[in-house]
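Computed over heavy atoms, backbone and side chain alike; hydrogens, waters and symmetry mates excluded.
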Amino acid sequence: MKKRVTGIGGLFFKTKDPKASKKWYKKHLGFNTDDYGCTFWWKDKEGKDCSTQWSPFAEDTKYYEPSKKDFMFNYRVENLKDLLVTLKEEGVTIVGEMEEYDYGKFGWILDNESNKIELWEPIDQAFK
């Protein structure tokens, strides 16, 4: 396996009022927010368009479970299917099954402190 994590795919956090948080970040920090939060565009070393997602979630979201934290990191990966096999062989806890969408593949693991981590093999072109 060449690479595992290639970058940060997203920063997700719980908030009492996601709409108010998006509005605040738009007004004070210039985030270009939408229903999901804000997508930041950048170029990788090869000059390909890549994205990182910033998203506030409702404080009662179940999406981060079984983690008890108020945040979750999403990491961009190169080959999710192979990476999940390797991580399982290494004794890492896999949460649920890999899911595929038109914007990429997703898988979830727990780190050494039971923080849920989302792994994303992106298809950045789907957002254009």
Inset, instruction - Keeping the roles fixed (side chain from Thr6, backbone from Arg76), state whether a donor-acceptor pair exists under 3.5 Å. - result: yes
Legend entry - Value rounded to 0.5 Å, distance of NZ in Lys88 from CD1 in Ile94: 7.5 Å
Legend entry - Nearest-0.5 Å distance, CD1 of residue Ile109 to CD1 of residue Ile117: 4.5 Å
Legend entry - Thr33 OG1 to Lys26 NZ distance, which is reported to the nearest 0.5 Å: 4.5 Å
Inset, instruction - Apply side-chain contact (heavy atoms from CB on, under 4.5 Å) to Trp108 and Glu99, showing your working. - result: CA-CA 10 Å; Trp108 299 267; Glu99 296 180 13; 3.7 Å; yes
Inset, instruction - Start with the C-alpha distance between Phe12 and Tyr64, add both sets of side-chain angles, then the distance that settles ring pair (Phe, Tyr, Trp, His ring centres under 6.0 Å), and finish with yes or no. - result: CA-CA 9 Å; Phe12 309 136; Tyr64 306 168; 7.3 Å; no
Inset, instruction - For side-chain contact (heavy atoms from CB on, under 4.5 Å), just list the numbers for Asp70 and Phe13, CA-CA rounded to whole Å, side-chain angles, deciding distance to a tenth of an Å, and then say yes or no. - result: CA-CA 6 Å; Asp70 289 338; Phe13 61 97; over 6 Å; no
Legend entry - Euclidean distance, Leu11 CG relative to Asn74 CG, rounded to 0.5 Å: 8.5 Å
Legend entry - For Lys16, salt bridge (charged side-chain N to carboxylate O under 4.0 Å, His left out) partners two or more places apart: Glu59
Inset, instruction - Can you label the angle between the Phe31 ring and the Trp54 ring as parallel, tilted or perpendicular, going by 30° and 60°? - result: perpendicular
Legend entry - Atom pair CE/OG of Met72 and Ser67 - distance to nearest 0.5 Å: 9.0 Å
Inset, instruction - Please report the C-alpha distance between Leu119 and Leu87 in whole Å, then the side-chain angles of each, then the deciding distance to 0.1 Å, and finally whether the side-chain contact (heavy atoms from CB on, under 4.5 Å) criterion is met. - result: CA-CA 12 Å; Leu119 302 175; Leu87 292 172; 3.9 Å; yes
Legend entry - Donor-acceptor contact present, side-chain Ser55 to main-chain Tyr36, <3.5 Å: yes
Inset, instruction - Applying side-chain contact (heavy atoms from CB on, under 4.5 Å), run through Trp120 and Lys105 and close with a yes or a no. - result: CA-CA 6 Å; Trp120 176 39; Lys105 297 176 187 172; over 6 Å; no
Legend entry - Residue pair Thr39 / Gln53, side-chain donor-acceptor N/O under 3.5 Å: yes
Inset, instruction - Ignoring hydrogens and angles, tell me if any N or O in the side chain of Thr15 forms a donor-acceptor pair with the backbone of Pro56 under 3.5 Å. - result: no
Inset, instruction - With rounding to the nearest 0.5 Å, note down the distance linking CG in Asp82 to CG in Leu80. - result: 9.0 Å
Legend entry - Electrostatic pair Arg4:Glu121 at N-O distance under 4.0 angstrom: no
Inset, instruction - Please work out which of the three classes, parallel, tilted or perpendicular, describes the rings of Trp24 and His28, given edges at 30° and 60°. - result: tilted
Inset, instruction - Answer yes or no for Lys116 and Tyr63: cation-pi contact, defined as NZ/CZ to six-membered ring centre under 6.0 Å and angle to ring axis within 45°. - result: yes
Inset, instruction - Could you tell me how the ring of Phe71 sits relative to the ring of Phe73: parallel (under 30°), tilted (30 to 60°) or perpendicular (over 60°)? - result: tilted
